[in-house]
Amino acid sequence: MAAAAQTHFSPLGRALVQQGKLVQADANQIQAEAAKAGITFIEQLTQSKKLAPKDVSLFAAQAFGLPLLDLNSIDVDQIPLTLLDPKVLAAKRVVPLQKRGNRLFVAMSDPTNEAVLQEIKFATGMAMEPVVVEDDKLSVLVKKFGESGAQALDKMIGEDVNLDEIAATDGEAQTDSAPTEDIDDAPVVKYVTKVLLDAINGGASDIHFEPYEKFYRIRYRTDGILHDVAQPPLAIKEKIASRIKVVSKLDISEKRVPQDGRMKLVLSKTRAIDFRVSTLPTLFGEKICMRILDPSSATLGIDALGYEPEQREALMNAIQRPYGMVLVTGPTGSGKTVSLYTCLNILNKPGINISTAEDPAEINLPGINQVNVNDKAGLTFAAALKAFLRQDPDIIMVGEIRDIETGEISIKAAQTGHMVLSTLHTNDAPTTLTRLMNMGIAPFNIASAVILITAQRLARRLCSCKKPVDIPQEALLRAGYTEDELDGSWQPYGPMGCDICKKSGYKGRVGIYQVMPISEEMCRIIMKNGTAIDLADQAKREGVSDLRRSGLRKVKAGLTSLEEVEGCTNE
């Protein structure tokens with residue numbers, strides 16, 4: 001009987017008996033109890049306390065020539081859990097440690113279990129490299145990682161989220177269910193809400209939900225940089241996508257084409273956050289990007305945006321004029337919308353009629369007539385502008401001048417007694433004027449209508465933990481400083497990293513601006529079909545700081561680092 005029972009032992013169990021580490025009778029009893037409980041021999045051996053887990057793991061490593069690892073010494077956040085299904089972790093009592101090429105290192109308390117190794121090899125398509133670990137520590141990990149997706153999400157959320165009110169922006173009653181959802185998806189509903197709340201509290205500007213072949217990840221864009229924040233189970237990617245599409249009023253049955261929508265997260269009676277939602281079909285599911293539109297960002301005030309005193313004065317003088325065109329330029333994500341909305345808030349008074357055409361309207365501004373353009377329905381920027389001119393406007397804001405028709409109507413409105421604010425995607429202020437000319441707008445119309453152009457970028461602001469850095473004088477001169485400025489009266493700073501900034505060294509962002517009023521001499525250059533270089537030279541003669549020079553002033557003031565300025569003004 002003993003011999004028969006012994007045949008059921010794993011090679012590690014037999015080796016323990018043969019080497020005298022374990023008495024045969026004890027081994028037989030442990031094997032019987034393990035079979036009755038439906039667990040492995042090594043797991044039952046640990047529970048019986050006949051041998052210490054540390055002694056078993058040390059013996060296994062020496063007997064079979066395998067590496068030994070203390071699981072307490074590793075960072076569990078770095079474990080590539082997405083390589084294996086959570087149910088496999090619990091059932092097979094293995095934890096993936098590291099992927100190196102086509103080899104997967106897996107932690108096992110019984111590295112001689114060939115059946116498990118072959119099963120994982122088949123599931124992952126990789127060669128197995130077993131690493132011996134203590135069984136009790138392995139039990140803690142597989143218990144932590146082996147929960148079902150819903151249990152893991154529910155545990156992650158806990159009871160600290162009481163916010164269930166997600167409303168549509170059109171004011172209709174919002175339902176929390178969809179044909180694809182049932183009561184078992186409640187943790188997913190809570191989890192999505194939790195993700196949105198964490199993004200808002202962390203100051204993120206965008207949230208990315210990204211499905212891949214073997215994992216699913218969520219990333220936040222904070223201060224212009226994307227950061228991984230979570231990797232929920234791959235099995236719930238469809239439920240997450242469905243939940244977001246339901247509250248965004250999108251077609252949950254349509255997964256083949258991109259869709260755009262909006263949703264609102266009600267935080268309190270006085271505060272609600274809007275989200276602009278975009279879905280994109282990818283190889284392994286729908287990628288969802290959500291832009292966070294916080295109305296409070298539009299009410300910061302002009303002083304909070306980071307304009308230099310002379311730049312602020314020039315901008316205020318321009319927007320207070322009765323007619324003309326003010327253009328804000330810069331790449332996507334450079335803060336153009338916040339700058340325009342800040343100007344509109346300053347101008348928004350009971351005696352003023354303001355209309356905006358946007359694609360889409362990002363932030364709701366009470367007292368301002370906002371229109372969403374809809375190209376499919378024929379409501380283009382140009383069509384909206386034509387309608388505005390029959391609505392007795394004082395101020396018109398156009399989301400973007402994309403074509404000659406929109407440009408010409410905007411110019412006409414600026415020439416006929418209206419203040420027009422708009423944006424263009426150009427690198428700096430001088431190239432904006434040549435861009436308008438390249439569109440086909442007559443130079444004399446540009447010269448008579450445009451009164452100011454501001455170009456802008458956003459650089460990451462140094463956290464309070466910033467540290468002084470030594471930068472060679474040659475590097476400072478190459479960056480754009482003059483020898484007179486390098487007189488030793490100021491100290492450049494760089495990032496260090498602390499708990500407040502999550503070790504990045506940066507917290508928040510600071511605007512870098514080029515504010516260029518259109519002078520009479522610039523009008524002459526435009527009328528003569530001058531180039532952007534001619535306009536830039538004239539702006540320099542008139543004391544207008546370009547983006548690099550404005551950025552260097554922010555470095556000198558200790559607000560940001562030289563690397564940030566060089567990165568965002570490197571044209």
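For reference, positions follow the sequence shown, starting with 1. Note that the structure is predicted; figures quoted are calculated from it, not measured.
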Check whether any side-chain heavy atom of [X] sits under 4.5 Å from a side-chain heavy atom of [Y], and report yes or no.
X	Y	value
M263	M290	yes
K287	F209	no
I273	L293	no
L379	V371	yes
L196	I292	no
I451	I518	no
C289	I207	no
I288	I240	no

(request) For I533, enumerate each residue passing the side-chain contact (heavy atoms from CB on, under 4.5 Å) test, keeping only those at least two apart in sequence or located in another chain. (result)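 Testing I533 for side-chain contact (heavy atoms from CB on, under 4.5 Å), a comparison that skips the adjacent residues, returns T531, D537.
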
Short N-O contact, [X] and [Y], less than 4.0 angstrom:
X	Y	value
K255	E286	no
D359	R402	yes
D223	R460	no
E405	K386	yes
E254	R256	yes

(request) Go through the steps for N348 and I354 under the test side chain to side chain contact (heavy atoms under 4.5 Å, CB included), then give the verdict. (result) CA-CA 7 Å; N348 188 13; I354 303 176; 4.1 Å; yes

Can you check whether [Y]'s main-chain N or O pairs, donor with acceptor, with [X]'s side chain at less than 3.5 Å?
X	Y	value
S355	F388	no
K239	V189	no
Q415	A449	no
R291	D274	no
Q370	L365	yes
T356	M397	no
N201	L197	yes
D206	T222	no
D428	T431	yes
Q456	G335	yes

(request) Check each of I401, I409, T406 against F381 using the side chain to side chain contact (heavy atoms under 4.5 Å, CB included) test, and report the only one that passes. (result) T406

[X] to [Y] - nearest heavy-atom pair and separation:
X	Y	answer
S334	L458	O-CG, 3.4 Å
L97	V106	CD1-C, 4.2 Å
H418	A413	ND1-O, 3.0 Å
S339	Y513	OG-CE2, 4.2 Å
M419	A318	CE-O, 3.2 Å

(message) Checking R390 now: which residues fulfil side-chain hydrogen bond (donor to acceptor under 3.5 Å, both in side chains) with it, not counting sequence neighbours?
(response)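 If we apply the side-chain hydrogen bond (donor to acceptor under 3.5 Å, both in side chains) test to R390, skipping adjacent residues, there are no hits.
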
(request) List for me each residue that meets side-chain hydrogen bond (donor to acceptor under 3.5 Å, both in side chains) alongside N353, sequence neighbours excluded, and say none if there are none. (result)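 Once residues adjacent in sequence are excluded, the partners of N353 under the side-chain hydrogen bond (donor to acceptor under 3.5 Å, both in side chains) criterion are N369.
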
(request) From the options E210, H208, Q231, select the one residue that forms a side chain to side chain donor-acceptor pair (under 3.5 Å) with R217. (result) E210

(request) Kindly compute the distance separating NZ (K507) from SG (C501), expressed to the nearest 0.5 Å. (result)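 Result: 8.0 Å between the selected atoms.
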
